[in-house]
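These notes are about the structure you will find just below.
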Amino acid sequence: MKDLLRILIAPLMWLALFSAVYGLHGLLCNLGITSTALGFPLPRILLVVAYVIAIALQGMLLLLLYHPRIAARSPFVRHVSHVTGWTGLVATGWTLLPVVLMSNCT
Amino acid sequence: MKALERHRKLTAIWASEPGIRGWFSTVNHTDLGRMFLVTAFFCFMVGGLLSMLIRAQLATPHSAFAGPEIYNQIFTMHGTIMMFLFAIPTFEGLAIYLLPKMLGTRDLAFPRLTAYGYWCYFFGGAMLIFSMLFGIAPDGGWFMYPPLSNAIYSPGINTDFWLIGITFVEISAIAAAVELTVSILKYRAPGMSLDKMPIFAWYALVTALMILTGFPPLILGSVLLEVERVFGLPFFQADLGGDSLLWQHLFWLFGHPEVYIIFLPAAGIVSTVLPVMCRTTLLGHGWIIAAAVALAFLSFGLWVHHMFTTGIPHMGLAFFSAASTLVAVPTGVQIFAWIGTMWKGRPELHLPMLHILGFFVTFVIGGLTGVMVAVVPFDWQAHDTAFITAHLHYVLFGGFVFPIFAGVYYWLPHFTGRRRFFHLGELAFALVFIGFHVTFLAMHWVGLLGQRRRISTYAPEDGWTTINLISSIGSFILAIGIAMILIDVILHALTASRGRRNPWRASTLEWAMMTPAPAYNVASLPHISSRDPLADDPDLAVRLARGKGYLGDPGKGWRETLTVDIASGRPDMHVIYPANTRLPILMSAVTGVFFLSLLLKFYWTVPLAILGVAALAWKWVWGLGLRDDPGMQPIGHGIELPNAAAVERSPGWWGTVFLLTANATFFGSLLFGFAFLWTVAPGWPPPVWFAASPFALSIGLFGALIGPIAMRLAVRKNRRGGSAVPAFVVAFLAALVLTISCSTMMLRTPAPSDHAYGATLFVLGGYGVFHAALAALMICFLVARVLHGFTSPARRAELPIVGLWVDYASIIGVIVLISGHLPGLVL
Amino acid sequence: MLLVFFSFQGKRAAKDEASQVRVWIVGLGLIFPMVVLAALLAYGLVVGERLLPREGANVVSVHAQARRWEWTFTYDDASEQETKGTLHIPAGRPVNVAITTTDVIHSFWVPRLAGKLDAIPGRTNILRIEADSPGTYEGTSAEFSGAGYDGFTFQVIAHDPTQWDAFLKGELNEGS
Ligand code: HEM
Ligand SMILES: [Cu+2]
């Protein structure tokens with residue numbers, strides 16, 4: 001079960017983060033917040049912060065999967081979990097990128 | 001003992017009842033796999049016939065063949081049958097038939113559950129097909145968008161058939177998924193660690209996990225919509241605080257993963273068959289598994305791409321557009337790994353290989369058009385045109401039907417034990433391939449010219465006549481091809497001469513047995529030390545038949561097998577299966593009475609059916625008990641294992657874990673729906689909030705806290721040889737208190753038919769009541785077990801299983817109560 | 001496709017498995033699609049941004065209300081005007097169409113003017129369209145809505161400025 005978890009955890013985390021940021025975006029739009037901070041609209045700042053946190057979390061998870069104490073003993077599981085770990089990181093960076101690029105709530 | 005004598009003895013133990021009677025009482029995976037496959041192919045024929053009607057109707061403008069009322073039923077049923085009654089059951093059937101054989105064991109984890117799943121599928125499918133024969137079939141399109149499908153705009157019984165029939169069929173999918181997951185993780189030959197597991201098992205595992213998490217949103221959606229239709233709880237009605245978009249979210253939360261649930265098993269077939277056809281091994285085994293896992297997860301982040309035109313903010317669209325393009329990457333990895341495999345080996349053009357090539361061409365085109373529609377502005381144009389229909393057939397037919405045909409031809413010698421004699425197959429392939437591409441290339445084209453999907457007719461001025469005619473001609477060529485494949489297969493089964501064992505010289509374990517497979521699969525279980533056991537040891541089959549492996553002694557007269565540790569493949573439990581029984585068909589028939597009563601609005605039989613199911617379920621688990629402590633069981637080669645009744649983590653425990661995973665997804669979807677309505681739906685806040693009651697809340701929370709503690713005490717007490725009954729009584733009372741607290745919430749909620757808020761709380765409360773009452777019932781069961789002497793410090797497996805249910809009821813009970821009471825306390 | 005074909009041809013000396021993995025999976029399977037897809041995605045998002053209904057001085061606002069199986073159009077600039085089955089717009093000016101429905105889900109689609117956008121109960125969706133030149137444009141509802149769906153179509157007539165003025169004053173007698 002632990003080995004299975006090692007394989008599944010990173011994309012699972014992506015799914016959670018992706019839903020969380022999407023949910024945050026929906027919530028911010030529905031609350032209709034228009035205040036600004038530091039010259040930027042507040043919703044944008046929150047979303048970008050969430051984006052950075054998400055990437056950091058995925059990166060940390062990937063490091064853990066490489067860490068000798070936590071990595072799987074079987075070379076096969078290690079390999080697969082590394083690939084899925086990278087998948088999680090790339091997917092987070094890629095799919096949440098719109099928060100820095102796109103216009104909000106239109 | 002000689003091999004033949006062993007064969008006779010094992011057959012006597014494992015065989016189903018002879019003749020037709022055996023169909024109703026068999027629990028054997030080989031039989032049930034075959035029954036699944038035959039039924040699913042029957043449905044394929046029905047769905048195919050409907051598609052011929054569609055194409056006949058669209059062949060000419062102003063066609064008078066069928067009016068819109070009938071036409072709407074035809075395409076709705078075509079889509080529904082193909083997706084729910086053909087594609088998913090085909091996967092289930094193939095996996096049920098093959099997996100134990102590939103994993104080198106004798107049956108799946110829960111044989112009676114396999115049978116129950118089959119009969120649920122059979123009865124549910126029969127309901128849908130009957131509705132069609134009477135002309136009252138569903139007619140709202142296969143995704144049944146409300147408000148079109150609600151009681152105002154679809155007052156007839158048609159939609160109810162869909163919602164109820166599909167839910168019934170989904171039960172079978174969930175049952176099969178639980179079964180397959182536990183079987184793949186635990187029921188393998190000794191020594192088969194995760195890295196030595198055949199690639200098809202990996203794909204099946206990923207698919208089964210996806211079914212467990214992908215289907216519950218649809219089940220929830222169907223339940224809510226049916227409740228809205230019958231009792232007027234307005235989940236999807238905008239003027240009463242509901243939102244029709246909630247349905248779209250729930251449906252596509254299921255619907256997109258569904259596409260991959262269909263594709264992944266097919267990819268598993270390709271990954272299994274292709275290397276054999278190329279006389280080599282799969283390139284990048286680990287990469288392919290990682291790609292399948294990645295695909296599975298990514299596919300849960302795509303659903304909104306079916307809703308690009310609903311007016312969701314552009315940034316939201318961008319997330320899903322990004323995810324939709326990204327999902328092409330793991331698909332690409334698999335495709336290139338397969339092509340690389342072909343370069344590595346020496347491809348031979350046998351019939352299965354032809355279908356795999358058909359798959360490559362078709363699926364790659366489907367993938368390219370898929371990437372096109374993932375681009376938002378393009379989708380704004382293409383959405384809901386024939387272009388989309390054409391795209392989805394490239395993906396589904398290319399990505400599923402071609403690989404299935406490849407698999408059918410590849411495993412046909414295994415099913416029948418015969419050699420192909422007539423060579424209709426090659427010609428049939430050519431017809432299918434040409435017919436398919438003519439049909440659907442034409443549909444791409446006419447879609448770009450603006451032909452909408454789901455129209456029953458069009459005018460000559462539209463300028464689509466010629467293209468549609470070409471498409472229809474193509475579809476008839478395709479149909480002839482498929483009919484020829486069917487004839488080829490039937491001829492093969494009836495007439496061909498006996499073939500030799502392992503005709504493709506494959507290296508996986510399903511070929512290490514007689515064909516057609518005996519009821520017990522293998523006379524003794526092999527020890528696995530590589531990914532290609534038959535390549536390393538071509539005589540393995542003979543040695544297994546001579547009883548040289550594990551569990552080769554049929555002397556005790558049990559249907560026995562063993563389970564292994566998930567990661568390492570070390571044997572860890574000895575299992576005795578239940579024998580043939582009619583309980584599964586009976587139970588699914590009573591389940592059917594439940595659904596049928598809902599459908600026909602005979603509400604007084606509903607509680608009877610529920611009681612019937614509960615009674616049968618009680619009988620079902622009761623029969624598993626042992627009166628005496630099972631000692632350590634020898635499995636051969638000097639190894640002894642504990643029996644599954646004498647461990648904490650029994651197969652039933654694992655099954656419960658995965659069933660609860662699906663259940664938790666269901667509950668999570670319900671919470672998502674609640675949050676969605678609250679934040680997004682028009683018509684909020686509701687006129688009145690729930691009047692919180694600190695008393696009801698606190699006794700509920702108290703019960704939720706006590707139950708799990710008492711269960712843990714009970715487990716501990718039993719292990720030490722004491723009586724667990726006092727702890728059970730406490731746990732029972734706690735569950736009862738939780739039930740009462742949840743039911744007061746249900747009863748006190750603001751009028752459920754006035755606003756979606758009250759309606760959602762009502763359903764949440766009902767969910768809590770159901771689980772708390774179920775936990776209470778299970779505790780009663782345990783008490784009865786103790787009183788009848790079925791437990792002991794050794795026979796303890798049942799306690800932790802009920803413990804899981806109590807924990808689950810407590811967790812969701814707390815969430816339900818808090819989400820009901822908190823707003824009233826805070827606001 | 002070509003790669004599949006060539007795999008049947010003569011065999012070169014087999015390379016070792018690791019380098020094959022590098023070529024096929026990492027090179028062709030990962031890097032190649034990621035580059036292509038990133039470009040495609042960026043293109044799609046940029047185009048999508050440009051199509052958004054931004055504010056502007058020149059924008060005309062109209063309302064499209066769907067009902068099975070008829071569209072009713074009203075105009076901000078001429079409150080007494082109401083047309084059924086035909087939407088009048090000025091050519092050469094951006095138009096915001098506010099799309100609503102009174103019954104089931106429908107979709108507003110004029111292929112030559114813009115993509116489609118749904119009419120969802122309880123919501124108003126705004127679609128930006130613009131006709132470059134005067135003329136008649138065919139539109140359909142593109143979301144299945146039951147038995148009358150086949151014939152659920154409408155027209156958009158784009159007028160030159162003088163005709164548009166006439167329409168707003170109610171002096172245009174064709175259409176409606
Ligand atoms: C045997 C060859 C097949 C043909 C000739 C065919 C033809 C068609 C046509 C013409 C439509 C469009 C109906 C319309 O828009 O009015 C359609 C819809 C559909 N088909 Fe097929 N089909 C075939 C096989 C399949 C298979 C194998 C699957 C799935 C595994 C499938 C799934 C669907 C679905 C989901 C729809 C959409 C139904 C809806 O709009 O509600 N089809 N098919
Ligand atoms: Cu999709």
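Note on naming: letters A, B, ... go to the chains in the order of the sequence lines (proteins, then strands), and numbering restarts at 1 for each one.
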Which of the residues B/Tyr153, B/Tyr145, B/Tyr71, B/Trp338 is involved in the greatest number of heavy-atom pairs with chain C at under 4.5 angstrom?
B/Tyr153

At what distance, to the nearest 0.5 angstrom, does CZ of C/Phe144 lie from CG of B/Asp384?
10.5 Å

Ranked by heavy-atom pairs below 4.5 Å to chain B, first place among C/Ala119, C/Ser141, C/Gly151 goes to C/Ser141

Does the side chain of C/Arg123 reach to within under 4.5 Å of the side chain of B/Val680, using non-hydrogen atoms?
yes

Proximal component of B/Asp239, with respect to chain C [non-hydrogen, under 4.5 Å]
neither

Is chain C contacted by the side chain of B/Ala459, its backbone, both, or neither, given a heavy-atom distance below 4.5 Å?
neither

Nearest heavy-atom contact between B/Trp380 and C/Trp109 is O-NE1, 4.3 Å

Classify the side-chain pair C/Asp150/B/Thr457 by whether it contains a donor and acceptor separated by less than 3.5 Å.
no

Only pairs of heavy atoms separated by less than 4.5 Å count here; which of B/Ser456, B/Ala318, B/Ala681, B/Pro682 has the most with chain C?
B/Ser456

CG on B/Leu148 to CZ on C/Arg68, rounded to 0.5 Å
6.0 Å

Taking side chain as everything from C-beta outward and backbone as N, CA, C, O, which of these in C/Ile105 sits under 4.5 Å from a heavy atom of chain B? Side chain, backbone, both or neither.
both

Against chain C, label B/Thr331 side chain, backbone, both or neither, depending on which of its atoms sit under 4.5 Å from a heavy atom there.
neither

Measure B/Asn150 against the heavy atoms of chain C and call it side chain, backbone, both or neither at under 4.5 Å.
neither

Identify the heavy atoms of C/Ile120 and B/Ser244 that sit nearest to each other, and give their distance.
CG2-OG, 3.6 Å

Measuring heavy-atom distances to chain C, does B/Gln248 have an atom under 4.5 Å in its side chain, in its backbone, in both, or in neither?
side chain

Is B/Arg452 positioned over the aromatic face of C/Tyr149, cation under 6.0 angstrom from the ring centre and no more than 45 degrees off axis?
yes

So what's closer than 4.5 Å to chain B heavy atoms on C/Glu143: side chain, backbone, both or neither?
both

Consider only side-chain N and O atoms of C/Asp118 and B/Thr309, and report whether a donor and an acceptor are under 3.5 Å apart.
yes

Out of B/Pro146, B/Ser154, B/Gly242, B/Pro68, return the one with the most heavy atom pairs under 4.5 angstrom to chain C.
B/Pro68

Cut-off 4.5 Å, heavy atoms of chain C, and the answer for B/Glu69 is side chain

Which distance, rounded to the nearest 0.5 Å, do you find between the CG of B/Asp379 and the NZ of C/Lys116?
7.0 Å

